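Quick caveat, the model's predicted, so the values are computed rather than measured.
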Amino acid sequence: MVAVDTDKADTGEGQVMRPRFLTSWDKSKEALVGRFGYSPNEVDQYADISKEDLVHAYGMMLLSRQFETACNQEYMKGNIRGFMHLDNGQESIPALVADSIRKGDKKYSYYREHAHALASGVDAGAVMAELFGKIGGTCKGAGGSMHIYDKATNFQGGWALVSEQLPYAAGAARSILLDRLLHPEEHKNDDRISVVFIGEGGAQNGRMAEVLNAAAKENLPLLFIVIDNGRAINTFTGDVAKNQDVFLQGQHYGVPGVKVDGQDMVGVLQAGRAVVDYVRKSGPAILQVHTFRFNGHSPADPEHERGRKDEKKWARNAADPIKIFEDKMLASGKFTEGELKDLKAKANAICKDAVDFANKSPAPPATLAKELEFPDPPSTDYNQRAAPAGAEEINKRILDPEALSNCQAHIAQLREKAQAGQITIGDALNLAILEEMLRDPYTTIKAEDLQAGSSYDIPKLTQQTFGKLRASDEIIDEGHFIGKALGEGMNGYRPIVELMNTNFGIYGMAEISSCGNTYATTGGDFMMPVTIIGAGGTAPAQSLGAEHSQPFHAYIMGIPGLKVCTAASPEAAYGLAKSMIRDNGPGMLFCPVKMMKDVKGSPQLDKCLPLNRAALLHAASDAAVKEGTAVTVLTYLHGVKEAQKALPLIQEEGMDIDLIELRSLKPLDKETILTSLRRTHKLAILDESTYSGGVGATISAMVSEEMFNELDAPVKRLCMDDAPVPYSLAMEAAVVKRDADLVRGVADLVLGKY
């Protein structure tokens, strides 16, 4: 049976496609009793709203409306640029936020978030200055209209990709549970929640179902505020959505919901308070607020929406939440004309001061852009980074002694293997992760099939040792759990994401991109210590077909703020993983899928490796350098093994190579490349990515631009063909380069033999 939270619909005299959703407090009470489990007496306590609270909520509606109007005026003057999305007509939502959402609650909004920030307590001058692109803005001018963040009020975006904020808010909700786990005394009365704002159109995205599932499974303190204005940019939601009653989506997961009339601020406060209290005490819930947006999507977007202009005209006259409240209060005698006038003057003054502050605030220095690239400089020595204070005490308190003992025994076995030179790449990663999770109790991990160790034992024993909250088994959607990691990372935790195969990260490109951008976008206020680790790449004859053989490392190299490393040995995997986990910015570590269990080595235990250095694995002999028969060879992942196979054949031909493993694809170790080229003056790149847009293309361009005078010959790129990698070995050999191709390439550079 479909629940109905309305008494009747206001047809607007039959002239609008989408009438007002009229409901009553009695209908909301029925929903709260029937779906949320409240008793009638418990619900009755939410009926009365004091005049003081009404003044506060009404004042926030006025501030939101007048602030957005001021934004529109400044946009037309050219003081605000780019995309800007105004919230006029939806003011009951910031009224609720100001009324019921607290400073300590985590708030995740989308690109139409100015009023949500103001209602959360973010300074109006700082918000306006951010829109002006000024140093006095919330993010020093780095974020702009769509990216408002404020650490002091826990306002955490401002996210531009529709629905991306959903898993981030779930991660933030998990951080609240983690706080309670790690510090139970400090948080014994903790009733903080995470709040996510989402449009009714965005709620049709699959992320909504995934996050509802996660919220229900872990009983997260997560409130979904669905802002239902019925419109996208140029699309009526009913044209694309079979069911617009988003509040019912949670039924499958046991998450209750209620729909209210957003034009009735008092009704929104009544039901909203009950829903917020439910989330604080019991778990996730949905509040759908039916509203009308008076402005177009953005001043930069033309309005071609079917019926939109008529709807706006009607809504401004008949469905303005501010006017409806004023009329109701004046008629009841609760407010006088003078009181309303004074509150309007107060809001006007705040907006005027905000514009004045933004105008006077200076522009940020141009150098700030580069300064915000990484939280930690690429040259950071992570061996010097101290463990969090109290880590040993926390471990003793929260970890099961038997599980901890089993983990320590496993670690001891892995360390013995490492010392004997018998540890694999997968086991080296597992050792690094377990050691770091013991060293730092704020470290968490997420993976598919995690409790079973995934495919290469990388997360082995993490859940058994640290529990399901710190080590979570995840649904089969990498974007979902990378997104939750982002939310944890913004809130004091250090999440690790293990991808069974790095190519599956394609599902999480949006979230990986936001991991890379967030530190800079927030003006450096929010660190992003997210580490993504997995096996990938394309080995010769691996027979995995095109989808499992993509150069995902090349795909993500262009994401700003992201460090990208590779490890073709246990030594590199162990040392780079430890550094990346300790880094305060996002990074992704790729390991060769066909070498995870076969290649063994002896990493230097307890040693972090730099995230910005290549490794010289073999130096050409001085004789070869003197004779001009030496070549610099750059490679990574499976290319390291192929180059090592090719080395004796190259030497048999009377040549030699400087074999350099590119352990850092970004930032690139230019110094090591230049040092080698000054010896050899010839460069071959054995590249595990495509001819177009690949790693080799980037390096070749850099060498040509910055090291051209060191070259005696054109750069030799030995890269994958642009064709998808076939399954058939006969075809695959024409696409994926290997040891024989390197031998020919070096000989061509030195002898012109091929």
Next on the checklist: When you compare the side chain of Thr291 with that of Ile227, does any pair of heavy atoms fall below 4.5 Å?
Outcome noted: yes

Next on the checklist: I'd like to know if Asp87 and Arg65 make a salt bridge, using a cut-off of under 4.0 Å between side-chain N and carboxylate O.
Outcome noted: no

Checklist entry - Between the side chains of Gln156 and Asn491, is a donor N or O closer than 3.5 angstrom to an acceptor N or O? => result yes

Checklist outcome for this item: Taking every heavy atom of Asn219 against every heavy atom of Gly283, the minimum-distance pair comes out as OD1-CA, 3.4 Å

Checklist entry - Yes or no on side chain to side chain contact (heavy atoms under 4.5 Å, CB included) for Thr23 and Asp264, after CA distance, side-chain angles and deciding distance? => result CA-CA 9 Å; Thr23 190; Asp264 174 13; over 6 Å; no

Next on the checklist: Would you say the rings of Tyr149 and Trp159 are close, in the sense that their centroids are separated by under 6.0 Å?
Outcome noted: yes

Checklist entry - Between Thr153 and Asp150, is any side-chain donor less than 3.5 angstrom from a side-chain acceptor? => result yes

Checklist entry - Does the side chain of Asn72 pick up a donor-acceptor pair with the side chain of Thr69 at under 3.5 Å? => result no

Next on the checklist: Do Tyr75 and Leu86 make a side-chain contact, defined as non-hydrogen atoms from C-beta onward lying under 4.5 Å apart?
Outcome noted: no

Next on the checklist: Set out, in order, the CA-CA distance, both residues' side-chain angles and the distance that settles ring-ring contact (aromatic ring centres under 6.0 Å, His included) for Phe325 and Tyr58, then state yes or no.
Outcome noted: CA-CA 8 Å; Phe325 175 81; Tyr58 172 64; 5.2 Å; yes

Item to check | Exam field: side chain Lys140 to backbone Gly523, donor-acceptor pair closer than 3.5 Å | outcome: yes

Checklist entry - Do you know the tightest heavy-atom contact between Gln204 and Asn243? => result NE2-O, 3.3 Å

Checklist entry - Does atom NZ of Lys51 have more than 12 heavy-atom neighbours from other groups under 6.0 Å away? => result yes

Next on the checklist: Minimum heavy-atom separation for Gln263 and Phe292, please, with both atom names.
Outcome noted: OE1-N, 3.5 Å

Checklist entry - Where do Lys323 and Glu326 land on the salt bridge (charged side-chain N to carboxylate O under 4.0 Å, His left out) test, with the steps shown first? => result CA-CA 5 Å; Lys323 187 175 185 303; Glu326 291 170 346; over 6 Å; no

Item to check | Check: Asp261 and Val268 side chains under 4.5 Å, non-hydrogen atoms | outcome: no

Next on the checklist: Show, in sequence, the C-alpha distance, side-chain angles and deciding distance for Arg273 and Asp277, and conclude whether the salt bridge (charged side-chain N to carboxylate O under 4.0 Å, His left out) test is met.
Outcome noted: CA-CA 6 Å; Arg273 285 179 170 186; Asp277 283 351; over 6 Å; no

Item to check | Salt bridge Lys346-Asp342, side-chain N to carboxylate O under 4.0 Å | outcome: no

Next on the checklist: Would the distance check show the side chain of Gln165 and the main-chain N or O of Phe197 forming a donor-acceptor pair, the cut-off being under 3.5 Å?
Outcome noted: yes

Item to check | Within-4.5 Å side-chain heavy-atom neighbours: Leu222 and Ile193 | outcome: no

Item to check | Side chain proximity check, Val258 to Ile286, heavy atoms < 4.5 angstrom | outcome: no

Checklist entry - Which heavy atom of Cys351 sits nearest a heavy atom of Leu63, and at what distance? => result SG-CD1, 3.8 Å

Checklist entry - Can you find a pair of side-chain heavy atoms, one from Leu96 and one from Leu287, that are under 4.5 Å apart? => result yes

Checklist entry - Around Asn317, counting heavy atoms of other residues, nucleotides and ligands shown, do more than 12 lie under 6.0 Å from its CG? => result yes

Checklist entry - Does the cation-pi check pass for Lys106 over Phe155, that is, NZ or CZ under 6.0 Å from the six-membered ring centre and within 45° of its axis? => result no

Next on the checklist: Under a 3.5 Å distance rule, please check whether Ser514 uses its side chain to pair with a backbone N or O of Glu511 as donor and acceptor.
Outcome noted: no

Checklist entry - Can you tell me if Gln288 and Asp245 form a side-chain donor-acceptor pair at under 3.5 Å? => result no

Next on the checklist: Within the 3.5 Å criterion, strictly below it, is a donor on Tyr38 or Asp44 matched to an acceptor on the partner's side chain?
Outcome noted: no

Checklist entry - Would Lys259 count as a cation-pi partner of Phe21, with NZ or CZ less than 6.0 Å from the six-membered ring centre and within 45° of the ring normal? => result yes

Checklist entry - Is there a donor in the side chain of Glu200 and an acceptor in the side chain of Thr237, or the other way round, less than 3.5 Å apart? => result yes

Item to check | For Gly136 against Ala129, the heavy-atom pair lying closest together | outcome: C-CB, 3.7 Å

Item to check | salt bridge (charged side-chain N to carboxylate O under 4.0 Å, His left out) between Glu164 and Arg207, intermediate numbers included | outcome: CA-CA 8 Å; Glu164 68 166 315; Arg207 287 280 180 268; over 6 Å; no

Item to check | Heavy-atom closest pair, residues Ser194 and Ile176 | outcome: N-CD1, 4.0 Å

Next on the checklist: Tell me whether Glu311 is salt-bridged to Arg231, with the criterion being a basic N under 4.0 Å from an acidic carboxylate O.
Outcome noted: yes

Next on the checklist: To the closest 0.5 Å, what do you measure between CZ (Phe132) and OG (Ser145)?
Outcome noted: 12.0 Å

Item to check | Check: Lys107 side chain, Lys103 main-chain N or O, donor-acceptor pair, under 3.5 Å | outcome: yes

Item to check | Over-ring placement of Lys484 relative to Tyr168, 6.0 Å and 45° cut-offs | outcome: no

Checklist entry - Above 12 or not: heavy atoms from other molecules or residues under 6.0 Å from CZ of Arg81? => result no

Next on the checklist: Do Asp105 and Arg280 make a side-chain contact, defined as non-hydrogen atoms from C-beta onward lying under 4.5 Å apart?
Outcome noted: yes

Checklist entry - Hey, are the side chains of Tyr108 and Val195 touching, using non-hydrogen atoms and a 4.5 Å cut-off? => result no

Item to check | Verdict with supporting geometry, Ser64 and Glu91, side-chain hydrogen bond (donor to acceptor under 3.5 Å, both in side chains) | outcome: CA-CA 6 Å; Ser64 299; Glu91 288 83 5; over 6 Å; no

Checklist entry - Do you know which of His114, Arg112, Glu74, Met146 makes side chain to side chain contact (heavy atoms under 4.5 Å, CB included) with Met84? => result His114

Next on the checklist: Between Ile324 and Arg20, is the side chain to side chain contact (heavy atoms under 4.5 Å, CB included) condition met? List the steps.
Outcome noted: CA-CA 12 Å; Ile324 288 170; Arg20 181 179 170 189; 3.5 Å; yes

Checklist entry - Between the side chains of Arg18 and His290, is a donor N or O closer than 3.5 angstrom to an acceptor N or O? => result yes

Next on the checklist: For Tyr111 and His85, take the angle between the two ring planes, folded into 0 to 90°, and tell me which bin it lands in: parallel under 30, tilted 30 to 60, perpendicular over 60.
Outcome noted: tilted

